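Throughout, protein chains are lettered first and strands after them, A, B, ... in sequence-line order, and every chain is numbered starting at 1. Computed from heavy atoms alone, side chains included, the values below leave out hydrogens, waters and symmetry copies. Note that the structure is predicted; figures quoted are calculated from it, not measured.
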There are 2 protein chains.
Amino acid sequence: MMPGPKLDRIDLKILAKLQQSGRITNVELADAVGLSPSPCLTRAKRLEKAGYITGYGAYLNLHKLGEFLTIFTEVTLTEHRIGDFSRFESKIRKLDEIVECHLVSGGYDYLLKFMTRGVGHYQEIIEGMLEGDYGIEKYFSYVVIKSPFIKHHYPIQNLFSAKAAEREASDRDISELE
Amino acid sequence: MMPGPKLDRIDLKILAKLQQSGRITNVELADAVGLSPSPCLTRAKRLEKAGYITGYGAYLNLHKLGEFLTIFTEVTLTEHRIGDFSRFESKIRKLDEIVECHLVSGGYDYLLKFMTRGVGHYQEIIEGMLEGDYGIEKYFSYVVIKSPFIKHHYPIQNLFSAKAAEREASDRDISELE
DNA sequence: CAGGGCGCGGCATAAAATGCTGTGCAATCA
DNA sequence: TGATTGCACAGCATTTTATGCCGCGCCCTG
């Protein structure tokens with residue numbers, strides 16, 4: 001999980017490209033980053049093995065599959081001992097409808113993201129959680145009316161510029177990056 | 001955006017498989033869903049064209065690329081006329097570091113997800129937003145300490161069972177689904 | 001029961017993935 | 001400063017995959 005220092009500019013371009021075009025052909029990827037297919041594939045495989053790429057996926061338009069309701073839920077635990085957090089986490093991990101779990105600092109403990117078929121479905125899950133031994137003191141739900149955008153591409157180009165600023169002197173052809 | 005009624009069980013299996021293995025080979029995909037490669041590819045292409053699949057991407061381990069700080073921000077607008085929402089949305093859409101935007105019902109208006117290099121970086125962006133004409137009355141930030149899990153696979157298998165319940169009578173070989 | 005349409009599997013061709021080899025550049029050391 | 005070593009690249013050959021075409025069987029309809 002250490003920040004790996006072994007990535008050069010080409011590696012970052014590969015990651016950025018794959019992030020937004022996961023099913024791109026290696027030939028096209030090689031062309032996009034300015035390499036021939038062979039070393040490009042070698043690098044991509046190395047990035048996968050080294051854990052920089054954790055997987056690939058298709059983005060689905062869930063609303064075409066049926067009614068979907070996204071809900072964010074703030075959760076406060078009753079107790080805050082070491083085991084209380086891990087117990088809560090391992091329990092909710094098993095619930096398919098909870099697709100994100102974040103431990104936050106602030107007015108509550110966890111922020112959860114639910115993907116459900118509707119409020120009834122959500123209510124069923126919540127009731128199961130309250131009856132189960134999750135250690136929940138209270139919760140608050142925010143129903144998503146609409147999601148104007150969800151970007152699947154994280155801004156790693158901002159890492160470029162950050163790193164670039166650090167080693168500005170030794171590296172002068174930044175401009176080709178983007 | 002209408003829920004499309006033209007999907008059979010095989011289509012759903014293709015979607016589910018691609019969702020969790022976006023770079024799978026068509027040959028493997030065909031084998032996984034029980035088709036030969038030709039019709040499998042035809043279906044996959046059709047699902048893409050019909051908009052059920054909106055894209056493909058690689059999932060990156062951002063923490064190996066450098067320090068990243070995720071922050072959820074609750075935003076309340078000063079005014080709530082029709083144009084105020086769209087103006088806010090179009091402005092924040094241009095900020096790379098805001099990767100999700102949700103309009104919610106409840107105590108505030110928007111829930112935003114930031115991916116930043118740190119609190120300083122976040123503060124810069126927030127200050128830019130407050131100085132710009134975004135129409136923000138107030139905001140509250142929740143710094144993510146850790147994210148125990150983020151699932152990239154949405155529970156479309158729950159759609160299976162939902163749909164299955166609806167048309168239980170006319171469709172008896174549900175068991176092969178999973 | 002006959003006709004028509006749709007979707008399947010199989011086959012052939014084009015494209016891509018993948019492994020191997022030789023070469024050039026750069027850093028290292030004498 | 002010049003020789004050596006190592007690394008990463010491009011090019012090529014082979015295997016695998018993608019993709020379009022064709023004929024067959026099933027189901028729906030008349």
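The nearest whole Å value for the distance from the CG atom in A:N26 to the C1' atom in D:dA18 is 15 Å. Atom NZ in B:K49 sits about 10 Å away from atom P in D:dT19, given to the nearest Å. Separating the CD1 atom of A:I10 from the P atom of D:dA8 is a distance of 11 Å, rounded to the nearest angstrom. Following rounding to the nearest Å, A:L41 (CG) and D:dA10 (C1') show an atom-to-atom distance of 14 Å. Atom pair A:R23:CZ and C:dA16:C1' shows a separation of 13 Å (rounding to whole Å applied). Spacing between atom CZ of B:R46 and atom C1' of C:dG7 amounts to 10 Å, rounded to whole angstrom units. Note: CG (B:D31) to P (C:dC8) measures 16 Å, nearest angstrom. Spacing between atom CG of B:D8 and atom P of D:dC27 amounts to 14 Å, rounded to whole angstrom units.
Between B:K113 and A:E100 there is a salt bridge, since at least one side-chain N of the basic residue sits less than 4.0 Å from a carboxylate O of the acidic one. In this structure, B:R43 pairs ionically with B:D8, as a charged nitrogen and a carboxylate oxygen lie closer than 4.0 Å. For the pair B:E89 and A:K146, the salt-bridge criterion is met [side-chain N within less than 4.0 Å of a carboxylate O]. Taking a cutoff of 4.0 Å between a charged side-chain nitrogen and a carboxylate oxygen, A:K91 and A:D133 do not qualify as a salt bridge.
An end-to-end axis angle of 30° holds for the helix from C:dC1-D:dG30 to C:dA30-D:dT1, taken from five base pairs per end and rounded to 10°.
Here D:dT19 is the nucleotide among D:dC9, C:dA17, D:dT19 with the atom lying nearest to any side-chain atom of B:P37. With D:dA10, C:dA16, D:dT17 as the candidates, the nucleotide lying closest to the side chain of A:L35 is D:dA10. Looking at the side chain of A:P39, the nearest of the listed nucleotides D:dC9, C:dT18, D:dT17 is D:dC9. Here D:dT17 is the nucleotide among D:dC9, D:dT17, C:dA16 with the atom lying nearest to any side-chain atom of B:V27.
Under 4.0 angstrom from either OP1 or OP2 of C:dA17 there lies at least one side-chain N or O belonging to A:T25. Side-chain N/O atoms of B:K45 include one lying less than 4.0 angstrom from OP1 or OP2 on D:dT19.
Classification of the B:F85-B:H80 ring pair by plane angle, with boundaries at 30° and 60°, yields tilted.
The residue among A:I24 and B:S38 whose nearest nucleotide of DNA chain C is located toward the 5' end is B:S38.
Of the residues B:Y139, B:Y142, B:F114, the one that meets the ring pair (Phe, Tyr, Trp, His ring centres under 6.0 Å) test with B:Y122 is B:F114.
Residue A:R43 is in sugar-phosphate contact alone, with no base atom involved, counting any heavy-atom pair closer than 4.0 Å across all strands shown. Among the heavy atoms of the strands lying under 4.0 Å from B:S36 is at least one base atom, whether or not backbone atoms are also near.
Side chains of B:L18 and B:I24 form a contact here, defined as non-hydrogen atoms less than 4.5 Å apart.
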